[in-house]
K.L.:
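Let me give you the structure first, and then I'll get to my questions.
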There are 2 protein chains.
Amino acid sequence: MTSPLRFLPTPVSVCGPADDEPDLRPAEGAGVDEELALLAKAVGHPARVKILRLLARRNTCICGDIVDEIPLAQSTISQHLKVLKKAGLVQGTISGPRVRYCLRPRGLRRLRALIGGL
Amino acid sequence: MTSPLRFLPTPVSVCGPADDEPDLRPAEGAGVDEELALLAKAVGHPARVKILRLLARRNTCICGDIVDEIPLAQSTISQHLKVLKKAGLVQGTISGPRVRYCLRPRGLRRLRALIGGL
DNA sequence: ACTGGTCATCGTAATTTAACGATACCATGT
DNA sequence: ACATGGTATCGTTAAATTACGATGACCAGT
């Protein structure tokens with residue numbers, strides 16, 4: 001018997017460990033407004049949207065290639081990555097001298113859930 | 001034959017006219033990143049999230065009752081409404097001496113679609 | 001130990017955002 | 001015509017955001 005997952009386009013091979021446990025947090029109530037605002041604000045910049053799309057496109061988690069793809073200074077990209085990381089939308093794991101960034105499915109799901117709850 | 005729509009919780013009686021035509025705009029490509037950033041930035045503030053929830057809760061479109069519900073000055077609320085309106089997430093129609101605000105399903109769908117495209 | 005490449009942080013300047021009070025606007029009722 | 005109540009806009013201030021170059025930290029090779 002093959003798993004149903006075989007028919008999905010491969011779990012995209014995320015950097016970190018299992019990030020697909022169910023999210024039991026509420027989608028409404030105290031604190032959730034601030035949570036959604038933080039998530040949305042993180043997406044609320046064209047450069048950060050581009051970064052997210054870039055990470056979504058390449059299943060291989062890239063690092064400073066982002067700097068080559070986006071016409072911004074390296075320090076600026078680093079700041080944007082920091083914002084995305086703090087919001088839980090992105091994850092960075094050091095790999096030798098460089099850092100491999102990747103999407104964090106849990107954060108994206110959370111954002112979609114809260115947006116959907118509007 | 002009854003329409004499948006009869007099984008939905010009523011179209012919530014939006015203020016304006018028909019706002020449920022299909023959205024044929026692309027979900028990716030040039031300019032879309034900026035569009036998503038603008039939409040997300042509009043949601044990226046707790047007060048604006050509260051406003052959106054308030055409008056979603058009361059199917060009747062309220063106006064300055066928002067000021068009573070949110071501990072901010074009237075002028076500040078008005079500015080937040082302006083941001084939401086400019087983003088296309090909210091619609092305000094003057095009704096006599098007051099203004100009735102309501103959600104704009106088209107804008108919300110657009111936001112959900114673009115977020116889903118990440 | 002030194003060097004080179006990669007990334008984060010610091011310090012700074014310009015721009016934007018958020019919040020408020022005051023004021024202007026506008027439709028309605030007296 | 002005039003006052004009134006509900007909104008929008010203006011002007012201002014404080015804080016946050018964005019962007020950059022320079023600097024610092026870190027790991028891999030030589």
Side-chain angles (χ1 to χ4, degrees), chain A residues 15-16 33-52 54-55 58 60-104, chain B residues 15-16 33-52 54-55 58 60-104:
Chain A
C15 312
D33 291 357
E34 285 74 12
E35 187 190 359
L36 172 52
L38 280 178
L39 282 166
K41 197 197 298 194
V43 185
H45 192 286
R48 290 194 287 266
V49 173
K50 283 190 215 307
I51 292 177
L52 290 175
L54 211 54
L55 294 178
R58 320 195 180 184
T60 160
C61 314
I62 52 181
C63 72
D65 301 326
I66 305 174
V67 178
D68 299 333
E69 295 267 5
I70 298 178
L72 286 176
Q74 178 265 328
S75 57
T76 305
I77 297 288
S78 193
Q79 278 192 169
H80 283 309
L81 283 170
K82 191 176 181 181
V83 172
L84 290 171
K85 207 163 32 173
K86 188 160 51 184
L89 291 172
V90 145
Q91 183 180 6
T93 62
I94 56 178
S95 168
R98 60 199 76 196
V99 179
R100 310 200 321 152
Y101 278 98
C102 63
L103 294 181
R104 226 163 74 86
Chain B
C15 310
D33 291 357
E34 285 75 11
E35 186 191 359
L36 172 52
L38 279 179
L39 281 166
K41 196 197 299 195
V43 185
H45 192 286
R48 291 195 285 267
V49 174
K50 284 189 215 306
I51 291 177
L52 290 175
L54 211 54
L55 294 178
R58 318 196 180 185
T60 161
C61 313
I62 52 180
C63 73
D65 300 326
I66 304 173
V67 178
D68 299 333
E69 295 267 3
I70 298 178
L72 287 176
Q74 177 265 326
S75 57
T76 305
I77 296 288
S78 192
Q79 278 192 172
H80 284 307
L81 283 169
K82 191 177 181 179
V83 173
L84 290 172
K85 207 162 33 174
K86 187 161 52 186
L89 292 171
V90 144
Q91 184 179 8
T93 62
I94 56 177
S95 167
R98 62 199 76 199
V99 179
R100 309 199 322 153
Y101 277 98
C102 63
L103 295 181
R104 224 163 76 85

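So that the names make sense, note that chain A is the first sequence line, chain B the second, and so on, each numbered from 1. Here the structure is a predicted model, which is why all the values come from computation and not from measurement.
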K.L.:
Between atom CD1 in A:Ile94 and atom P in C:dT9, what is the gap in whole Å?
P.N.:
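For the pair A:Ile94 CD1 and C:dT9 P, the rounded distance is 12 Å.
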
K.L.:
Closer than 4.0 Å, any side-chain N/O of A:Tyr101 to the OP1 or OP2 of C:dA8?
P.N.:
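So the side-chain polar atoms of A:Tyr101 do come within 4.0 Å of the phosphate oxygens OP1 or OP2 of C:dA8, strictly under.
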
K.L.:
For B:Val99 and for A:Ala73, find the nucleotide of DNA chain D with the closest heavy atom, then tell me which residue's nucleotide is more 5'.
P.N.:
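The residue closer to the strand's 5' end, by nearest nucleotide, is B:Val99.
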
K.L.:
Please determine, for the side chain of A:Ser75, which listed nucleotide (C:dG21, D:dC20, D:dA19) has the closest atom?
P.N.:
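My answer, after comparing the listed nucleotides, is D:dC20.
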
K.L.:
For the side chain of A:Gln79 and the base of C:dA8, is some donor closer than 3.5 Å to an acceptor across the two?
P.N.:
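No, no donor-acceptor pair under 3.5 Å.
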
K.L.:
Using a cut-off of less than 4.0 Å, is there contact between a side-chain N or O of B:Ser78 and OP1 or OP2 of D:dA8?
P.N.:
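So the side chain of B:Ser78 is within the cut-off, an N or O lying under 4.0 Å from OP1 or OP2 of D:dA8.
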
K.L.:
Which part of the nucleic acid, if any, lies within reach of A:Leu72 when heavy atoms closer than 4.0 Å are counted: base, sugar-phosphate only, or nothing?
P.N.:
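Sugar-phosphate only.
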
K.L.:
Salt bridge check, B:Lys41 against B:Glu34: does any charged N sit closer than 4.0 Å to a carboxylate O?
P.N.:
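Salt bridge absent between B:Glu34 and B:Lys41.
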
K.L.:
How is B:Leu81 classified with respect to the nucleic acid when contacts are heavy atoms under 4.0 Å: base, sugar-phosphate, or nothing?
P.N.:
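Since no nucleic acid heavy atom lies under 4.0 Å of B:Leu81, the category is nothing.
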
K.L.:
Would one find a side-chain N or O of B:Arg98 under 4.0 angstrom from OP1 or OP2 of C:dC26?
P.N.:
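B:Arg98 to C:dC26 OP1/OP2: no side-chain N or O under 4.0 Å.
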
K.L.:
Can you find a side chain N or O atom of A:His45 that sits less than 4.0 Å from OP1 or OP2 on C:dT15?
P.N.:
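The answer is no; no side-chain N or O of A:His45 sits under 4.0 Å from OP1 or OP2.
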
K.L.:
Does A:Lys41 make a side-chain N or O approach to OP1 or OP2 of D:dA16 shorter than 4.0 Å?
P.N.:
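So the side-chain polar atoms of A:Lys41 never come under 4.0 Å of the phosphate oxygens OP1 or OP2 of D:dA16.
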
K.L.:
If you round to the nearest 0.5 Å, how far is CG of A:Leu52 from CG of A:Leu84?
P.N.:
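One gets 5.0 Å once the value is rounded to the nearest 0.5 Å.
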
